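Everything below concerns the one structure shown next.
The analysis underlying the following values was restricted to heavy atoms, covering all of them including side chains, and did not include hydrogens, waters or symmetry mates. Keep in mind that what you see is a predicted model, and the values were worked out from it rather than measured. So that the names make sense, note that chain A is the first sequence line, chain B the second, and so on, each numbered from 1.
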Number of protein chains: 2
Amino acid sequence: MTTATTPLPRTLTRDLPQHDGQTVRLQGFVHARRDLGGVQFLVLRDVSGVTQCVGSGLSLPLPESSVEVVGRVKAHPKAPGGYEVGVESFRVISAAVEAPPVEIPKMEWNVNPETMLDYRVVTVRGLRERAALKVQAELVAAFRDHLMTEGFTEISTPKIVSAGAEGGANLFPIDYFGQAAYLAQSPQLYKQIMVGVFERVFEVAPVYRAEEHATSRHLNEYLSLDVEMGFIEDEEDVMALENRLLAAIMTRLRERAAAEFALLGATIPEVPAHIPRIPLLDARKLVTEKYGHAVGGKDLDPEAERLLSQHYAETEGSDFVFVTKYPRAARPFYAHPEVNADGSVNAEVTRGFDLLFRGIEITSGGQRIHDHAMLMDSVAAYKLSPESLEGYTEVFKYGMPPHGGFAIGAERLTARLLGIANVRYARAFPRDRHRLTP
Amino acid sequence: MTTATTPLPRTLTRDLPQHDGQTVRLQGFVHARRDLGGVQFLVLRDVSGVTQCVGSGLSLPLPESSVEVVGRVKAHPKAPGGYEVGVESFRVISAAVEAPPVEIPKMEWNVNPETMLDYRVVTVRGLRERAALKVQAELVAAFRDHLMTEGFTEISTPKIVSAGAEGGANLFPIDYFGQAAYLAQSPQLYKQIMVGVFERVFEVAPVYRAEEHATSRHLNEYLSLDVEMGFIEDEEDVMALENRLLAAIMTRLRERAAAEFALLGATIPEVPAHIPRIPLLDARKLVTEKYGHAVGGKDLDPEAERLLSQHYAETEGSDFVFVTKYPRAARPFYAHPEVNADGSVNAEVTRGFDLLFRGIEITSGGQRIHDHAMLMDSVAAYKLSPESLEGYTEVFKYGMPPHGGFAIGAERLTARLLGIANVRYARAFPRDRHRLTP
């Protein structure tokens with residue numbers, strides 16, 4: 001009953017219902033194994049799910065070994081997926097030499113998180129762990145596909161930069177052939193430059209924040225989904241785009257990741273045709289008046305984000321809300337100021353917005369300054385160095401059109417969609433203040 | 001004739017033939033302008049091409065200004081694209097305050113390359129310059145789309161690492177909160193780990209090589225198209241996948257980037273149903289015997305790559321050739337050794353391959369070692385530190401299936417497809433030994 005090869009094509013677990021009564025060839029990993037008085041159960045895990053295989057007299061290898069099973073498919077209501085395979089031949093493709101330090105089928109989220117991450121090279125094989133990464137892959141694919149249907153072009157911009165896009169703080173230094181350089185915090189300036197080339201651009205790439213704090217919502221390296229769009233009227237065009245984009249993402253997740261949401265007990269949100277909007281000052285007031293929460297700072301604090309989301313979920317049934325018209329003091333130098341009806345500029349308010357989803361900010365965006373003189377005034381007002389930003393501001397001498405965009409943190413959106421409390425588990429190999437391996 | 005708005009939707013240059021005789025609204029950049037005795041010509045550039053607009057009495061702004069033209073379309077055989085627009089109203093959206101330092105429509109490849117790159121924020125707007133980046137965007141999209149149809153899952157792996165995948169050389173050091181870290185040279189080890197999760201994975205992300213040399217074929221930061229595939233028989237499965245993938249890429253380029261190839265005078269290659277293969281030692285012999293070129297080193301040198309490609313172009317009409325069975329000495333420690341017909345291992349030869357395209361290597365790939373004992377023997381034979389690689393080798397204790405993969409340098413493939421002599425022009429903002437800006 002060992003060492004058999006067969007010309008049968010490989011069948012995946014998810015396709016078993018199409019092979020009821022037939023003999024199939026499965027390949028995968030030993031997810032679990034049990035021996036019940038001579039009857040052996042082998043749970044085989046492949047990319048598409050797990051299959052219960054039943055046999056006897058098998059020399060079952062250690063968990064996580066790669067194996068091949070040839071056997072007959074039969075319906076079995078209690079088996080995962082509703083089908084079971086009766087083992088006719090069995091082959092070890094690659095034997096584990098040690099049992100994993102953690103039992104893969106028994107892992108729970110947030111149980112001993114540091115141990116889980118220490119052994120991430122194998123714990124990431126867990127069904128729940130990989131479901132999060134699968135959802136993220138589909139989300140990212142939907143992001144790209146939708147933007148391409150709207151005429152956006154994908155770009156790839158430098159992650160080694162000579163200065164930070166958001167000012168000098170929170171940068172990881174690099175030794176670049178003896179020159180000082182940094183890891184890019186954001187493709188912000190480059191994506192704006194590329195609006196001059198392709199008008200509408202996007203990038204999916206890692207960004208870096210050397211933030212010392214260790215929270216459940218921050219990563220030091222994360223995947224940023226960046227968008228920038230030229231020839232806009234104002235930030236409403238950008239919010240409308242993000243609204244359509246989120247709808248397209250959720251549609252694809254419904255089509256291609258329903259099993260992963262079911263496994264994690266999460267629901268895919270409905271995206272309203274018009275996501276509600278509220279100016280920041282009104283949002284602060286609402287949270288204070290309705291919930292008695294005094295909001296600190298100039299932005300919304302995490303509790304205010306949670307309460308504002310609760311309000312829109314309760315009153316409008318929306319998991320999403322745009323917070324608009326951020327004050328100048330809470331936005332970077334490149335944020336476009338609000339323009340009054342008479343054409344004059346309101347220097348205190350910007351055309352910047354955030355998007356909250358289920359109680360947490362997942363996007364910052366807005367219209368950017370495209371006028372060179374206005375931009376240089378803003379650089380001066382922020383007390384930034386015109387020299388260090390010259391490589392960026394220079395392009396605005398050449399007639400940049402009105403433009404705006406946003407960025408979505410892929411891991412944060414994934415975690416929020418799936419109800420994963422710590423954003424680390426929405427990344428294959430997270431980097432944080434203390435974690436540089438695996 | 002200035003300052004007009006209209007409720008007309010915007011029309012792109014490429015759609016003008018559908019609007020012959022109609023009034024349209026165009027938006028874009030002033031690509032060129034001429035005044036011929038009262039008749040003014042404005043060449044407007046948008047994302048889809050250029051349109052010749054004819055008017056009079058217009059206050060034309062500096063080149064590269066953003067403008068809007070409303071006017072009537074008429075067929076005009078001598079105009080670019082075969083249509084011209086008679087200006088009825090004209091509006092400056094955003095005026096340039098300086099003329100670009102280089103005349104965008106007159107730029108030539110490789111003329112004053114350092115100046116071109118110094119002013120890249122605006123020279124990248126050139127039609128030929130952006131065509132290269134557009135082709136690359138389509139190529140990358142085809143790469144992803146095809147792999148997803150074959151059941152591959154996209155991954156995102158760390159670019160901040162504690163050790164190099166290929167050994168310790170050519171790494172850019174990072175100060176990671178006071179700890180020593182490096183920019184990843186390759187996602188090699190991580191993509192192998194992820195075969196244990198999704199069986200078939202790919203990643204599109206930047207990689208870093210701190211190579212001091214400045215050649216026309218190397219970049220210090222480039223976009224790597226990485227693939228890894230589990231449950232293979234041997235490297236033939238990997239080469240067959242790359243063969244199908246290249247065919248899918250060229251099909252998409254034919255459908256979506258024909259105009260860019262025409263602009264650059266380049267042809268999209270035919271991908272043979274079975275790309276020819278030749279073992280490395282035979283390739284060296286062929287080049288020596290047929291062309292009298294004595295090949296140095298253990299690999300092929302650039303001249304040998306060129307001659308071998310010439311041979312296959314002449315004899316089989318193929319722009320592609322796989323060079324197979326690389327000697328152990330020319331491959332990294334994780335390369336799987338050749339296995340003889342009797343099951344014994346040939347330690348001197350690996351299952352590694354390169355792919356040459358039009359005279360240059362665009363891919364390295366092969367089967368990887370999956371057996372833990374064999375891998376540790378290889379680590380020892382290469383005199384590498386088992387401790388520094390432990391985070392990687394550990395996963396092979398748990399039964400990794402046979403697997404292999406490859407990586408394509410996106411810029412190098414783009415440059416070779418388009419006949420661009422210097423790979424820098426296949427990247428928006430290249431990084432080289434001396435270039436850290438823009």
If you tally heavy-atom pairs under 4.5 Å against chain B, which of H370(A), M148(A), R10(A) wins?
-> R10(A)
Contact winner vs chain B - H434(A), Q27(A), R431(A), heavy-atom pairs under 4.5 Å | R431(A)
Contact origin within L436(A) toward chain B - heavy atom pairs under 4.5 Å | both
Are the side chain of E394(A) and the backbone of V121(B) linked by a donor-acceptor contact shorter than 3.5 Å?
-> no
Of the backbone (N, CA, C, O) and the side chain (C-beta and beyond), which part of E211(A) lies under 4.5 Å from a heavy atom of chain B, both, or neither?
-> backbone
Going by an N to O cut-off under 4.0 Å, is there a salt bridge joining E154(A) and K134(B)?
-> no
Among T153(B), I160(B), I174(B), the residue with the most heavy-atom pairs under 4.5 Å to chain A is I160(B)
Pick from G196(B), G391(B), A428(B): which one has the most heavy-atom pairs with chain A under 4.5 Å?
-> G196(B)
Is it the backbone or the side chain of S156(A) that comes under 4.5 Å from a heavy atom of chain B, or both, or neither?
-> both
Contact origin within A205(A) toward chain B - heavy atom pairs under 4.5 Å | neither
Search all heavy atoms of Y190(A) against all heavy atoms of P438(B) and return the closest pair with its distance.
-> OH-C, 3.2 Å
Could you tell me which of R200(A), Q179(A), E390(A) has the largest number of non-hydrogen atom pairs under 4.5 Å with chain B?
-> Q179(A)
Chain B contact via A99(A) - side chain, backbone, both or neither, heavy atoms under 4.5 Å | backbone
Closest heavy-atom pair and its distance - E221(B), K159(A) | OE2-N, 2.8 Å
Toward chain B, the part of V30(A) with a non-hydrogen atom under 4.5 Å = neither
When the 4.5 angstrom heavy-atom criterion is applied to V201(A) and chain B, the contacting part is neither
Tell me, out of G28(B), G230(B), S48(B), who's got the most heavy-atom pairs with chain A below 4.5 Å.
-> G28(B)
Between chain A and each of P401(B), P158(B), P430(B), count heavy-atom pairs under 4.5 Å; write down the option with the most.
-> P158(B)
Any idea which heavy atoms bring P101(A) and Y398(B) closest together, and the distance?
-> CD-OH, 3.3 Å
Check whether the ring centres of F172(B) and F177(A) lie less than 6.0 Å apart, and answer yes or no.
-> yes
For the residue pair D432(B) and Y176(A), what are the closest heavy atoms and their distance?
-> O-OH, 2.8 Å
Pair I193(B)-F429(A), side chain to side chain contact (heavy atoms under 4.5 Å, CB included): steps then yes or no = CA-CA 11 Å; I193(B) 292 168; F429(A) 302 100; 3.7 Å; yes
Cut-off 4.5 Å, heavy atoms of chain A, and the answer for D175(B) is both
Pick from N220(B), T437(B), V204(B), T157(B): which one has the most heavy-atom pairs with chain A under 4.5 Å?
-> N220(B)
Part of Y392(A) within contact of chain B (heavy atom distance under 4.5 Å) = neither
Rounded to the nearest 0.5 Å, what's the gap from CG on L133(A) to CZ on F198(B)? Could you check?
-> 5.0 Å
Give a yes or no on whether the backbone of M400(A) and the side-chain of S94(B) come within a donor-acceptor separation of less than 3.5 Å.
-> yes
Top contributor to chain B contacts, counting heavy-atom pairs under 4.5 Å, from H372(A), E212(A), Q136(A) | E212(A)
Please name the pair of heavy atoms, one in R125(A) and one in V395(B), separated by the smallest distance, quoted to 0.1 Å.
-> NH2-CG2, 4.0 Å
Would you call E199(A)-R45(B) a salt bridge at under 4.0 Å N-O?
-> no
Is it the case that more than 12 heavy atoms not belonging to E103(B) sit under 6.0 Å from its CD atom?
-> no
Where is the tightest heavy-atom contact between G399(B) and S66(A), given as atom of each residue plus distance?
-> O-OG, 2.7 Å
Between CG of D145(A) and CZ of R144(B), what distance do you get to the nearest 0.5 Å?
-> 9.0 Å
R433(A), part contacting chain B, at a heavy-atom distance under 4.5 Å | both
Side chain, backbone, both or neither: which part of P206(A) has a heavy atom under 4.5 Å from chain B?
-> side chain
